Amino acid sequence: MSILTARGTDSPLPPQLIQREVPPRAAWALQQAGVSPLLAQLFAARGVRSAEELDDGLAQLLPPDGLKGIDAAARLLADAITQREHICVVADYDCDGATACALSLRGLALLGADPATLHYVVPDRAVHGYGLTPTIVDLAMALRPQLLMTVDNGIASLEGVRHAKALGLKVLVTDHHLPAVQDGQPQTPDANAVLNPNQPGCGFQSKNLAGVGVAFYLLLALRSELRQRGRFDERTQPRLDGLLDLVALGTVADVVRLDANNRRLVAQGLRRMRAGRMQPGIAALFTAAGRKADQASASDLGFALGPRINAAGRLSDMTVGIECLISDDPEQALSLARQLDEINRARRDIEAGMREQAESRLPALMPDGEIPAALVIHDDDFHEGVVGILASRLKDQLHRPTFVFATGADGQLKGSGRSIAGFHLRDALDLVSKRHPELLRKFGGHAMAAGCTLAPGSVPAFTAALQTVAQEWLDPSALTRTLRTDGPLPTEAFKPEVVRELDAQVWGQAFEAPLFCDEVEIVSQRIVGERHLKLRVRFGGLLRDAIWFGRTDPVPERGLMAYRLQLDEFQGQQRVQMLVETLL
């Protein structure tokens with residue numbers, strides 16, 4: 001497919017629209033249980049078979065005892081609290097890691113740890129790299145801890161755990177990533193306890209917990225352990241549900257699959273946000289982002305709050321994000337949230353410049369007009385903290401596995417990749433490493449996102465190796481961008497109360513928000529805000545407002561429109577607006 005004919009100047013590769021199938025028995029059963037006809041259709045199309053799966057009560061959460069290693073982890077923390085040992089939480093520099101760190105510090109204090117014994121360290125992306133490295137262990141030693149507790153990292157930190165134990169430290173690893181692989185076998189670090197639903201031998205029914213979800217489950221088990229030791233009883237035990245706003249934010253921001261268990265965690269957190277029961281830092285992030293906490297939705301967490309926390313780890317120091325989330329002073333939290341907002345604005349500017357540079361080089365990367373099976377771009381001017389976002393944007397635009405590399409402070413090439421369905425990115429890196437043992441300095445990740453480090457000058461060899469794997473693994477159907485839609489929207493559903501009902505649900509990764517599809521006539525179109533296309537469309541005999549964000553190319557007079565619904569508020573009036581995803 002020619003890139004010059006596949007897209008306009010600012011349009012992604014056109015998708016193939018596929019309407020979701022709705023199992024009639026499941027939709028009928030949901031309606032009989034009291035679910036509205038539209039929601040019953042949407043839920044059934046996403047695999048929900050009974051109303052029980054929609055019960056988001058805390059009693060429906062999977063029990064903690066299903067997690068391998070959780071008893072040992074709880075005992076380790078209970079002993080540390082009882083003996084007033086100093087605990088240092090080793091965080092990660094993304095939103096999941098920051099929320100997991102804040103949740104752990106708050107939760108341990110709630111359960112009786114002396115705040116003076118609680119500390120944290122977080123790596124600087126450009127200086128320390130990812131995970132519990134020996135350098136981070138040495139940094140933590142300045143705080144004189146007896147126990148290191150990782151959150152959202154550590155499962156692949158074999159060397160770092162060995163270094164910590166050699167220094168006499170106890171190590172508790174809590175993570176959700178895949179373990180390191182050596183000689184074809186997953187390797188678990190030699191920590192005092194390891195808690196990870198994806199470690200070998202763990203039978204926990206949900207493998208999709210985010211790092212913050214794993215940390216929350218550990219707090220539940222720790223409370224049970226302390227209750228058995230007589231620290232409190234069921235009546236006097238501390239409540240941990242007040243931390244679910246942090247769980248919801250980290251879970252959505254990390255784009256993990258929203259299976260039934262994760263949807264319950266997110267729903268409970270959103271419920272508390274809407275009721276005003278949240279950490280001061282999260283309330284401050286809503287204010288800084290210009291969003292309304294009393295109308296909190298998963299999209300607010302994924303597209304407004306999460307990016308502001310992530311920006312600190314990308315461009316600055318994640319300490320700013322963590323301090324915002326652990327602050328109990330609303331004014332201090334708001335000041336920190338505004339700092340995060342400023343950092344995020346800078347991130348957007350850097351990303352825009354990098355994207356322009358990358359797109360200007362695309363024709364040279366595909367001189368025959370054909371999009372390669374995998375895309376790799378490197379530029380010395382790229383910012384290491386933003387390469388993952390740029391990889392995601394290019395992957396969405398061209399529907400190809402994409403790696404973007406920047407030159408790190410140590411001269412090594414630091415790459416971040418994003419993938420498409422059917423191409424397991426970490427497994428692809430593993431195969432590249434086997435075929436070219438000297439090429440990858442290190443790598444890790446999971447199916448849809450991964451990272452690696454190369455020596456200077458290695459990009460051409462890496463490009464050839466990755467494209468070879470992609471050509472072997474991806475057939476033409478996988479290289480065709482598809483959008484799954486929910487078909488036409490009934491005319492009677494086009495009203496504010498329906499949009500509010502949809503917004504109240506938990507949508508996200510693997511439980512996508514509704515995307516409707518209708519034949520429309522374009523009555524008028526104009527550019528607004530210099531970057532967006534404002535449309536007036538006719539379908540079903542009525543005129544509707546629509547907007548296509550990030551699109552400036554004109555569209556044809558008629559077409560098949562895939563769109564989402566949004567409430568547009570103007571002068572106190574709420575109107576339903578269509579958010580255009582594509583027009584064919």
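Nothing fancy with the numbering, it's 1 onward along the sequence. What you are looking at is a predicted structure, and each value in this text was computed from that prediction instead of being measured.
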Between Arg106 (side chain only) and Ile326 (backbone N and O only), is there a donor and an acceptor less than 3.5 Å apart?
yes

Tell me yes or no: between the side chains of Ser327 and Gln332, is some donor less than 3.5 Å from an acceptor?
yes

Verify whether one side chain among Gln505 and Arg263 offers a donor that lies under 3.5 Å from an acceptor in the other.
no

Any donor-acceptor N/O pair, Asp329 side chain to Glu331 backbone, under 3.5 Å
yes

So does Val247 get a backbone contact from the side chain of Thr99, meaning a donor-acceptor N/O pair under 3.5 Å?
no

If we only count heavy atoms from C-beta on, is the Tyr563 to Thr582 side-chain gap below 4.5 Å?
no

So which heavy atom on Gly160 is nearest to which on Val137, and how close?
O-CG2, 3.6 Å

Nearest heavy-atom neighbours spanning Cys452 and Phe443
CB-CB, 3.7 Å

Value for OG (Ser458) from NE2 (His378), rounded to nearest 0.5 Å, stands at 10.5 Å

With distance as the sole criterion, is a donor-acceptor pair present between the side chains of Asn262 and Thr251 under 3.5 Å?
no

Determine whether more than 12 heavy atoms belonging to other residues, nucleotides or ligands lie under 6.0 Å from atom CD of Gln525.
yes

Can you tell me how far the NE2 atom of His119 sits from the CG atom of Leu143, to the nearest 0.5 Å?
6.0 Å

In this structure, SG of Cys101 is separated from CD1 of Ile322 (nearest 0.5 Å) by 4.0 Å

Decide if atom CZ of Phe303 counts as having more than 12 heavy atoms of other residues, nucleotides or ligands within a radius under 6.0 Å.
no

For Asp341 and Arg345, run salt bridge (Lys or Arg N to Asp or Glu O under 4.0 Å): C-alpha distance rounded to whole Å, both residues' side-chain angles, the deciding distance at 0.1 Å, then the answer.
CA-CA 6 Å; Asp341 185 62; Arg345 291 176 191 274; 3.0 Å; yes

Determine whether a donor-acceptor pair (N or O, by modelled atom type, separation under 3.5 Å) exists between the side chain of Arg418 and the backbone of Ser392.
no

Between His436 and Glu438, is there a donor-acceptor pair closer than 3.5 Å when you use the side chain of the first and the backbone of the second?
no

Check against side-chain contact (heavy atoms from CB on, under 4.5 Å), Leu246 and Leu249
CA-CA 5 Å; Leu246 293 166; Leu249 174 55; 5.6 Å; no

Give, for atom CG of Asn153 and atom CD1 of Ile155, the distance between the pair rounded to the nearest 0.5 Å.
10.5 Å

Heavy-atom distance under 4.5 Å between the side chains of Ser299 and Trp507, does that happen here?
no

So Thr453 and Leu413, do their side chains get closer than 4.5 Å, heavy atoms only?
no

Nearest heavy-atom neighbours spanning Pro189 and Val161:
CB-CG2, 3.7 Å

Exceeds 12 heavy-atom contacts within 6.0 angstrom, atom NZ of Lys207
yes

Any side-chain heavy-atom pair of Phe216 and Val212 under 4.5 Å:
no

Has Arg257 got its NZ or CZ under 6.0 Å from the middle of the six-membered ring of Phe511, at an angle within 45 degrees of the ring axis?
no

Could you give the side-chain donor-acceptor pairs of residues 347-355 under 3.5 Å, partners two or more places apart or in another chain?
unit_1, atom_1, unit_2, atom_2, d
Arg347, NE, Asn344, OD1, 3.3
Arg347, NH1, Glu351, OE1, 2.6
Arg347, NH2, Asn344, OD1, 2.9
Glu351, OE2, Arg393, NE, 2.7
Glu351, OE2, Arg393, NH2, 3.4
Arg355, NE, Glu359, OE2, 3.3
Arg355, NH2, Gln397, OE1, 3.2

Carefully, step by step, assess Asp379 and Arg361 under the rule salt bridge (Lys or Arg N to Asp or Glu O under 4.0 Å).
CA-CA 10 Å; Asp379 195 300; Arg361 295 173 56 188; 3.2 Å; yes

Verify, without hydrogens or angle tests, whether His177 (side chain) and Asn196 (backbone) share a donor-acceptor contact under 3.5 angstrom.
no

Report yes if some heavy atom in the side chain of Gln339 is under 4.5 Å from a heavy atom in the side chain of Leu336; otherwise report no.
yes

Could you check whether Asp245 pairs with Arg272 (Lys NZ or Arg NE/NH1/NH2 to Asp/Glu carboxylate O, under 4.0 Å)?
no

Lys/Arg N to Asp/Glu carboxylate O, Lys434 vs Asp430, below 4.0 Å:
yes

Using the side-chain contact (heavy atoms from CB on, under 4.5 Å) rule, take Thr150 and Leu172 through it: C-alpha gap first, then chi angles, then the decisive distance, then the call.
CA-CA 6 Å; Thr150 73; Leu172 166 58; over 6 Å; no

So CG of Leu483 and CG of Leu17: to nearest 0.5 Å the spacing works out to 6.0 Å

Shortest non-hydrogen pair, Ala98 vs Met318, comes out as CB-SD, 3.8 Å

Are side-chain heavy atoms of Lys534 and Gln577 found at a separation under 4.5 Å?
yes

Using distance alone, with no hydrogens and no angle criterion, decide if Gln412 and Arg441 have a side-chain donor and acceptor under 3.5 Å apart.
yes

Consider side chain to side chain contact (heavy atoms under 4.5 Å, CB included). Of Val404, Thr463, Leu362, Leu466, which one does Leu375 pass it with?
Leu362

Would you say His532's side chain and Trp548's backbone share a donor-acceptor pair under 3.5 angstrom?
no

Apply side-chain contact (heavy atoms from CB on, under 4.5 Å) to residues Leu394 and Ile377 and explain how you reach the verdict.
CA-CA 10 Å; Leu394 294 173; Ile377 293 182; 3.9 Å; yes

Salt bridge between Arg564 and Asp503, side-chain N to carboxylate O under 4.0 Å?
no

May I ask you to decide whether Glu512 forms a salt bridge with Arg484, counting only side-chain N to carboxylate O separations under 4.0 Å?
no

Find out whether Leu515 and Glu581 are in side-chain contact, i.e. whether some heavy atom of one side chain is under 4.5 Å from a heavy atom of the other.
yes

I'd like to know if the side chain of Thr407 reaches the main chain of Asp380, judged simply by a donor and an acceptor atom lying under 3.5 Å from each other, with no hydrogens or angles considered.
no

Report yes if some heavy atom in the side chain of Met561 is under 4.5 Å from a heavy atom in the side chain of Leu535; otherwise report no.
yes

side-chain contact (heavy atoms from CB on, under 4.5 Å) for Leu209 and Tyr217? Distances and angles first, verdict last.
CA-CA 10 Å; Leu209 283 175; Tyr217 264 84; 4.0 Å; yes

Tightest non-hydrogen contact, residues Asp553 and Arg551, listed as O-NE, 3.0 Å

Considering all heavy atoms of both residues, which atom of Val151 and which atom of Gly97 are nearest to each other, and what is their separation?
CG2-O, 4.0 Å

d(Leu479 CG, Arg400 CZ) to nearest 0.5 Å is 4.5 Å

Check whether any side-chain N or O of Asn310 sits under 3.5 Å from a backbone N or O of Cys95 as a donor-acceptor pair, and report yes or no.
yes

Whether the side chain of Ser419 engages the backbone of Met448 through a donor-acceptor N/O pair (distance < 3.5 Å, no angle test) should be reported.
no

More than 12 heavy atoms of other residues, nucleotides or ligands under 6.0 Å from CZ of Arg291: is that the case?
yes

Whether the His176 and Asp152 side chains hold a donor-acceptor pair (N or O, under 3.5 Å, no angle test) is what I'd like checked.
yes

